[in-house]
Structures are given as structure tokens and as C-alpha cells.
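For reference, the structure discussed in these notes is given below.
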Amino acid sequence: VTAVDVAALERGVLAQDRAAIARAITLVESTAHQAHAIELLRRLHPRTGRARRIGITGVPGAGKSTLLEALGMHTLARASEPRISVAVLAVDPSSQKSGGSILGDKTRMARLSRDPRAFVRPSPSGGVLGGVARSSRDAIRVLDAAGVDVIFVETVGVGQSETVVASLVDTVVWVVIPNAGDELQGIKRGIAELAEVIVVNKCDGDRVEAAERARVELTAAMRHFPPMDAGWRPTVLTTSALPGASESGLSALEAAIEAHRVCLETAGELTRRRASQEVAAMWRIVEESAWARLRQKAGVAAIGAALEERVRRGELAASVAASEVLDRAR
Ligand SMILES: Nc1nc2c(ncn2[C@@H]2O[C@H](COP(=O)(O)OP(=O)(O)OP(=O)(O)O)[C@@H](O)[C@H]2O)c(=O)[nH]1
Ligand SMILES: [Mg+2]
């Protein structure tokens with residue numbers, strides 16, 4: 001890779017040049033040109049803070065991508081200007097995403113992917129949770145600086161990905177399908193506590209009744225949870241993301257997301273939420289990078305490996321070994 005022209009990249013992003021936005025995201029996602037990535041983020045900073053960030057989570061196959069395609073097109077129906085106003089980022093910390101799934105994202109969002117007013121970015125494959133969170137956070141900043149109004153972040157509802165997505169967005173939308181038992185699973189796994197908007201999707205064909213029942217049950221279940229930030233109570237609604245389905249579910253979803261923004265903003269919570277997300281991210285990055293730097297010091301990796309082996313054999317307590325590693329790295 002040749003040298004990065006950060007100033008040109010900045011101009012391209014601010015002018016909403018698609019290739020520049022894509023390159024800027026690749027730059028901030030990679031660890032190869034960190035100094036350039038940091039410089040770009042520094043330059044873009046004054047232009048950030050305007051975009052709405054919406055997270056979409058739910059089990060694989062719940063219909064998140066299809067719903068985003070429908071919701072994105074529904075939103076764009078009102079956008080007259082020929083600028084990029086909607087973006088979709090996929091976040092996948094599971095590291096199992098195959099090329100097929102990435103293609104899947106694009107085909108599930110075929111109209112949105114082709115629309116000049118939208119920017120669809122499939123997830124970088126794999127990576128550790130912390131790395132995914134950092135690179136997605138920076139990708140969001142690039143899109144925000146580019147003047148995108150709404151940034152949707154789709155994540156597969158596995159592992160800790162909901163927590164990651166909740167740390168990146170203003171509003172979490174949880175997509176469930178009727179009769180799949182994932183409502184109960186989600187409540188058990190704590191997703192329900194993170195979701196400001198709950199969508200029972202695939203409310204069409206012979207699933208309408210089941211979807212309506214799931215909506216009623218979830219609404220009742222959510223009453224047992226304490227109110228969220230700014231006193232918000234989760235909205236539960238039904239949608240169908242099928243092409244040609246009634247748009248009323250999409251309008252209701254859009255309205256619920258907007259109502260949550262108004263609720264947060266009125267209480268001054270939006271600023272506070274974003275600020276605490278940034279502060280938490282700052283220290284997470286420091287912790288992760290601190291160890292990465294320590295292990296580069298002469299001998300630390302070897303000592304660490306030797307101590308690890310002794311811990312594995314039961315010869316040393318974890319705390320004792322950790323303290324020896326840290327002493328060596330000083
Ligand atoms: N009947 C019906 N099918 C839907 C609806 N939304 C999505 N589907 C179908 O459900 C399947 C999965 O949809 P996706 O949008 O790929 O689901 P996803 O949640 O993004 O899945 P992952 O990205 O793999 O986690 C596809 O075959 C869709 O056509 C809906 O509202 N109604
Ligand atoms: Mg998807």
C-alpha cells in the first residue's frame with residue numbers, strides 16, 4: 001500500500017465521494033496505517049455529531065437486512081436531494097462470516113445498495129470483539145462527518161454483539177420473529193434490557209396472528225423492566241419487510257425511533273449517552289493497546305509464555321504470574 005494522502009481523503013469524505021468514504025472506512029478499520037487513521041479522525045472531528053445512529057440486532061434470519069432495505073427505501077422516499085443520507089454498516093464480531101454472507105447482505109439490500117442516496121457497507125470479516133467495536137465506531141464517525149443523516153448498524157444477535165452495538169448507537173432496535181422462542185431467549189440473555197424498540201417482524205401471510213400475539217406478550221413482559229434512560233419505555237410493534245407489504249409497520253418503526261430520539265434529547269440524555277460511550281471506548285482502547293505495546297518489549301512475550309505454561313500446570317497462581325509479567329514489562 002502506498003502512502004495515504006489524508007488531506008485528499010478528508011476532502012473526498014466531506015464531498016461525499018463514495019470511493020473516498022469507502023477508502024476512509026478501510027483506513028480507520030485497518031491497523032496498518034494507524035497514524036494516518038488517527039490524523040483523519042482528528043481532521044473529521046469538527047464535522048461529526050449530527051448523524052443519528054440506530055442499531056439493529058436479532059437472531060440470524062430474523063429479517064434485519066430485509067427490514068433495513070425496506071426501512072431505508074421508506075426513509076429515502078422523502079429525500080429529494082441527491083446526496084447520501086442513509087448508511088448501513090454491518091458489524092459481525094462472530095468471525096464466522098463467510099464471503100457468502102457478505103454477498104447476502106448486499107443482495108438482501110439490493111435496492112439500497114444501488115441507490116445513490118445510500119451507502120451500504122458489509123462487515124469486515126472476523127476480528128476480536130474489541131477491534132470490531134473500535135473499527136465500527138470509527139467507521140460511524142467517517143459516515144457522520146460525510147453528512148449522512150441516519151446510520152444503521154446491523155449486528156448478528158450472537159455472543160456479545162448486542163452489547164457492542166448498544167455501545168455504538170443512540171437507539172437499539174431488536175428484531176424478533178413470532179413463534180421462534182427468541183423473545184424468551186432474548187429476555188434471558190439481557191437483550192430486552194438494551195432494546196428501546198422491539199420489532200416483531202415477518203408479520204405477514206399466516207404469521208399475522210402469531211406476530212400480534214407476540215407483540216402483546218412482549219409488551220406485557222416489558223412492563224416488568226424498569227424504565228430506561230430518560231424514562232423511556234420500549235415500544236413494541238409489528239412489521240413485514242417483504243416487498244409490497246403495507247408501509248404502516250415501517251412508518252410506525254420510523255416514528256418509534258424518532259420518538260426515542262426526542263425523549264433522549266429533551267432530557268439531555270443524547271449528549272450524555274454519547275459522551276459516556278466515547279469515554280468508555282477511550283479506556284477500552286487504552287487497555288487493549290497497552291498490552292499490545294507491553295508485549296513488544298524485549299523478552300516480555302517469552303517470559304509471558306513461560307509464566308503462562310506454569311499457570312497452566314498449576315505451579316503458579318494467576319495473580320502471581322500476572323504481577324511477574326508486569327514487573328518484567330516495566
Ligand atoms: N415472510 C417474511 N420473510 C422475511 C421478512 N423479512 C425477512 N424475511 C426473510 O427471512 C430471511 C432472512 O432475512 P435477512 O434479512 O437476511 O435476515 P437477517 O436478520 O439480516 O439475517 P442475518 O444477517 O443472517 O443475521 C430471508 O429469506 C428473507 O427473505 C418478512 O418480513 N416476512
Ligand atoms: Mg443480515
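None of these values were measured; they are calculated from a predicted model. Whatever order the structure lists ligands and atoms in, that order sets their numbers, starting from 1.
Rounding to the nearest 0.5 Å gives a distance of 10.5 Å between CD of Glu287 and CE of Met282.
Here Glu254 pairs with Arg78 in a salt bridge; the nearest charged N to carboxylate O distance falls below 4.0 Å.
The salt bridge (Lys or Arg N to Asp or Glu O under 4.0 Å) test with Asp144 is passed by exactly one of Arg274, Arg53, Arg50: Arg53. When each of Arg261, Arg273, Arg233 is tested with Glu196 by the rule salt bridge (Lys or Arg N to Asp or Glu O under 4.0 Å), just one qualifies, namely Arg273.
Within a 6.0 Å radius of CZ in Arg52, other residues, nucleotides and ligands contribute more than 12 heavy atoms.
Close contacts between ligand 1 and Lys64 involve ligand atoms 15 (O), 17 (O), 18 (P), 19 (O), 20 (O), 21 (O), 22 (P), 25 (O) [criterion: under 4.0 Å to a heavy atom]. Less than 4.0 angstrom separates some heavy atom of Arg207 from each of these atoms of ligand 1: 1 (N). Set against the non-hydrogen atoms of Thr66, the atoms of ligand 1 under 4.0 Å away are 6 (N), 7 (C), 13 (O), 14 (P), 15 (O), 28 (C). Interface atoms of ligand 1 facing Ser240, defined by a heavy-atom separation under 4.0 Å, are 31 (O).
For the pair Arg141 and Leu44, the minimum side-chain heavy-atom distance is 4.5 Å or more. Looking at Leu253 and His74, their side chains never come closer than 4.5 Å, going by heavy atoms from C-beta outward. Between Val13 and Arg47, the closest side-chain pair of non-hydrogen atoms is not below 4.5 Å.
Counting just the N/O/S atoms of Glu154, the one with the shortest distance to the Mg ion (ligand 2) is named OE2.
With a heavy-atom cut-off of 4.0 Å, Leu242 touches ligand 1 through backbone and side chain alike.
Heavy atoms of Ala62 approach ligand 1 to within less than 4.0 angstrom. Ligand 1 is never approached by Glu69 to a heavy-atom distance shorter than 4.0 Å.
When distances to the Mg ion (ligand 2) are checked against a cut-off of 2.8 Å, Ser65 contributes an N, O or S atom below that limit.
Residue Gly63 has at least one nitrogen or oxygen atom sitting less than 3.5 Å from a nitrogen or oxygen atom of ligand 1, judged on distance alone. Considering both main-chain and side-chain atoms, Leu67 never comes within under 3.5 Å of ligand 1 through any nitrogen or oxygen pair. For Thr239, no nitrogen or oxygen atom sits less than 3.5 Å from a nitrogen or oxygen atom of ligand 1, counting backbone and side chain alike.
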